[in-house]
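A short worksheet on the structure shown next.
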Amino acid sequence: MVDVSKYKELFVNESMEHLQCISRNLLTLEKEPESTDALNETFRALHTLKSMAATMGYPDMENLAHEMENVLVVLRKGRGLEKGTVDVLLECLDGLETLVEAVASGKTVKRDLTALYKKLDYILPKEEGVEASISTVASEEKRERKEAKKVSPAIRIDIEKIQVLQNLAEELSIAEMRLLQIASKHAISELNEITAATHRLISELLDRVMEMRMFPVAYIFDRFPRTVRDLSMKTGKEVDFEVSGKEIKLDRLVLDEINDAVTHLLRNAVDHGIEKPEDRKRVGKKDTGKVILSARREGNYVVVSVEDDGRGMDIEKIKKTAVERKIITGEEASQMNDGDVYKLLGAPGLSTTKKISDVSGRGVGFDVVKSKIKSLGGSVRISSEKGRGTIVELRLPLTTAIIQSLLVGVEEEIYAIPLDSVREIVAVSEENLKSVEGKEIFRYRGQVLPLLRLKNIFDVPGNKDKDKIGPVVVVEGDEKLFGIMVSTLLGQQETVVKPLKGMLKGRKEFAGATILGNGSVAFILDVGGLI
């Protein structure tokens, strides 16, 4: 007897893909009942899942998939899609997902599926010829698989294995930096040749590994149409949900980290943003609200956006709540512009919603969203217009593994500043420096910016009078410009980011660390955490 347990991980991964495919196409059928493509795709995915479950020895999953398949066969024979059919099929889909998750966790789940079977029998009684139809589809699938052999085969690689490969590539990159240092001290042509070849090969290796880590955002986006559909039904709102940019690629680890954040934003858009049909009609809007989830590429970043055409944010209400919760003072509130007020939404404990619903108001809050995106090296931007809608943009780095950095020296210490945060390097004279309420400022292109000295922030030991005035790196963090004074500029470098551990893990000033060519460690600054 063949031991199939070793294929469990592969089974779970492929099953989840089939479940997403079924969910996506069922939602299409709900909107377009005549879509034969959606019906056929649903059937094929379900039939494949049933066969896989049978092979692996999961009878509950096999039987439930088989009963759903029977209903789809009747639909394929021309039976009209009755009201409530998709609801029941989605409920069955949730049952399948629970069973797959049980396989993934290794836990035994005893679930009574009798109620689901009764619902399936009720909405569409089975007709003769169902098994024959299934057999026909199975034959069609065999033919399709034969034709598919002409396509280049794909190999499924676990993300942890890719991570191990990347770690090895990163160690090679660090060793290469040491080799470059040695080559720079010795004028040996053969050494220069092998160094150049090594640099080219390691760069290509890193690029290939990074490509393996990149996944289309559809990997998580495909889950959300079902989420928004269920939310709209629960809240009694009509929502037209649009998704664009699913082909944009992002680091798989980043995608995994932002799933909860995007879910929270969509919940907020439906629950707090979109009005009920009668309220929309009263203000001259269409009964159906619109929520748009999109992704686009901007340089080395991907912007994931959640937009709605709902009631928008009430600036004065937010300020009033912030003052009541003692997050800001009344005087500070009176001096704030809209952008300043939106930044308050990241403050813990700030919520203008009095009623806590099952949809939102619990669990992850906007402060957690902002904190999560910031920990990934990204930023959050909000724009809103009362009565017109809200847009929340998550600006995320393509990857958190390798970045371009500006290396700077402070006395004997070396720090790395992510190059994407650097706007300019300027020279500042003693006369240009001012002090206001104990804080240094300087003039930059007609603006007055705060000035921070790394030497003082990190209490770097050394001669206090030495290099008192040094180069100033103008950076942007949390949508604010400020200057960082350093002792020396050491040049740009491709930096392999290593996560911090132990006591340093929670330091907001650091985004990680990197190992330099001489073997020493340099901290990578999180510029947003410096202010």
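What you are looking at is a predicted structure, and each value in this text was computed from that prediction instead of being measured.
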Problem - Partner residues of R423 under the salt bridge (Lys or Arg N to Asp or Glu O under 4.0 Å) criterion, sequence neighbours left out - result: E476
Exercise for the section: State, with a plain yes or no, whether a side-chain heavy atom of V304 is found less than 4.5 Å away from one of F221. Expected result: yes
Exercise for the section: Tell me, please, which residues at least two apart from D87 pass salt bridge (Lys or Arg N to Asp or Glu O under 4.0 Å). Expected result: R229
Exercise for the section: State whether E316 and K319 are salt-bridged, where the test is any N-O pair (Lys NZ or Arg NE/NH1/NH2 against Asp/Glu carboxylate O) under 4.0 Å. Expected result: yes
Exercise for the section: Taking the side chain as every heavy atom from C-beta outward, state whether L398 and Y301 have any pair of such atoms under 4.5 Å apart. Expected result: no
Exercise for the section: Would you mind reporting whether R226 and L26 have side-chain heavy atoms less than 4.5 Å apart? Expected result: no
Problem - salt_bridge(D279, R282) N-O dist < 4.0 Å - result: yes
Problem - Salt bridge present between K290 and E242 (N-O < 4.0 angstrom) - result: yes
Exercise for the section: Inspect the contact between R213 and E211 and indicate whether a charged nitrogen and a carboxylate oxygen are less than 4.0 angstrom apart. Expected result: no
Exercise for the section: Decide, yes or no, whether a salt bridge links R280 with D309 under the criterion of side-chain N to carboxylate O below 4.0 Å. Expected result: yes
Practice task
State which residues pass salt bridge (Lys or Arg N to Asp or Glu O under 4.0 Å) with E17; sequence neighbours excluded, sorted by chain then number.
Solution key: R156
Problem - Carboxylate-amine/guanidinium contact K276 E278, below 4.0 Å - result: no
Practice task
Indicate yes or no: does D260 engage K372 in a salt bridge with an N to O separation below 4.0 Å.
Solution key: no
Handout entry: Heavy-atom donor-acceptor pair, S384 side chain to G389 backbone, under 3.5 Å
Key = yes
Exercise for the section: Please examine the side chains of I524 and Y415, heavy atoms only from C-beta on, and report whether any two atoms are closer than 4.5 Å. Expected result: no
Problem - Verdict with reasoning, F510 to F458, per ring pair (Phe, Tyr, Trp, His ring centres under 6.0 Å) - result: CA-CA 11 Å; F510 301 134; F458 299 125; 5.2 Å; yes
Practice task
Measure from the ring center of Y58 to the ring center of F11 and say whether it is less than 6.0 Å.
Solution key: yes
Problem - Minimum side-chain heavy-atom gap L64-C92 below 4.5 Å - result: yes
Practice task
Check whether any side-chain heavy atom of M313 sits under 4.5 Å from a side-chain heavy atom of Y342, and report yes or no.
Solution key: yes
